[in-house]
Amino acid sequence: MVFDIIGAGRVGKTFGKYLSSKGHKINHVVNSSLDSSKKAVEFIGDGVPSSIDEIGGCDVLLIGVNDDRIRQIFLGVKDKISGVKAVGHFSGAYPSSILRECDEMEIGRFSIHPNASFANPRIWEKLNEIHFVMDGNRKGKEIIRELFGSLGIRFSEIAEEKKIFYHVAAVFASNFVVGIQEISNELYSMAGLDSETAREISIFLSKQAIENVQSLGIKGALTGPVVRGDRQLVEAERMTLMDLDPDIGILYGKFAQILRERVIKTEHSQNSSDEG
């Protein structure tokens, strides 16, 4: 298939490179500047740096701009894409219905969202290990089912009205973890550890926690003062953080509450270690 890409940023250019590596053709590549388009084409290894007025003549148009600009971009090009089989975007939050005019145009619409961080540009080499989530109209779904099936990409289909819950889940699983790492590093540094040691310990503990969730389940992986029932210690730590930074103190208290009310629920396994 032939693809045009508007917004070849981290996700757009990475997906474009993956498609190109699998024998698909990348045609027009449009970014906010011609220089940026040229760099994206260089990364992809295929395509033509273009202006938005040149869009068209492809099988599928991919829109990879920031979520809040997707509809604006689509409305600006929809009259230029006669003959296109489908239009899709990469947003994890917005459903494909923000491209609803595709239905009147009798072409496919879809959204595809990869459950992975694209901070590392070499992620394109591992797209077959990433689980995608897709929604769309009938034609859009048919195109993605065929495409992903031929590429061996794992995917699930989701109802459009449930999309927001899906995206929030991804934010908790990925983005907020980064924020928690920052807080952890700051607190380790306040305890007197140098920044490199703080980073090393914080990353090790986070990796260990995820590995334990994977092998033991969420309840089985839980350790620390909350699961031990050390309420006085938890409150002392919360109050110390409230004095230091009320936002962090509130966050600590809310997480402790979540662990008690949502994770533990019933008494933790009697086999839990007495150590944190």
Item to complete: Would you sort out whether Val41 and Val48 count as a side-chain contact (heavy atoms from CB on, under 4.5 Å), showing the intermediate values?
Response: CA-CA 7 Å; Val41 166; Val48 179; 6.0 Å; no

Do other residues, nucleotides or ligands put more than 12 heavy atoms under 6.0 Å from [X] [atom1]?
X	atom1	result
Glu54	CD	yes
Lys141	NZ	yes
Arg10	CZ	no
Lys80	NZ	yes

Practice prompt. Report yes or no: is the cationic atom of Lys163 (NZ for Lys, CZ for Arg) closer than 6.0 Å to the six-membered ring centre of Tyr94, at no more than 45° off its axis?
Written response: no

Worksheet item: Which heavy-atom pair separates Ala86 from Phe110 by the least distance, and what is that distance?
Response: CB-CE2, 3.9 Å

Would you be so kind as to tabulate the donor-acceptor pairs closer than 3.5 Å made by side chains of residues 184-193, with sequence neighbours excluded?
{"residue": "Ser184", "atom": "OG", "partner": "Ser202", "partner atom": "OG", "Å": "3.0"}
{"residue": "Asn185", "atom": "ND2", "partner": "Gln181", "partner atom": "O", "Å": "3.4"}
{"residue": "Ser189", "atom": "OG", "partner": "Asn185", "partner atom": "O", "Å": "3.0"}

Worksheet item: Any side-chain heavy-atom pair from Ile5 and Ile44 closer than 4.5 angstrom?
Response: yes

Fill in: CA sep, side-chain torsions, deciding dist, call: Arg154, Glu129, salt bridge (Lys or Arg N to Asp or Glu O under 4.0 Å)
CA-CA 8 Å; Arg154 296 177 299 137; Glu129 301 174 16; over 6 Å; no

Worksheet, complete the sentence: By salt bridge (Lys or Arg N to Asp or Glu O under 4.0 Å), Glu160 pairs with (sequence neighbours left out) Arg109

Discussion item. Between Asp245 and Tyr252, is there a side-chain donor-acceptor contact under 3.5 Å, judged purely by atom types and distance?
Written reply: no

Worksheet item: Are a donor atom and an acceptor atom from the side chains of Asn31 and Ser36 found within less than 3.5 Å of each other?
Response: yes

Discussion item. As a quick check of understanding, evaluate ring pair (Phe, Tyr, Trp, His ring centres under 6.0 Å) for Tyr18 and His24, giving each step before the final call.
Written reply: CA-CA 9 Å; Tyr18 175 78; His24 293 280; 8.9 Å; no

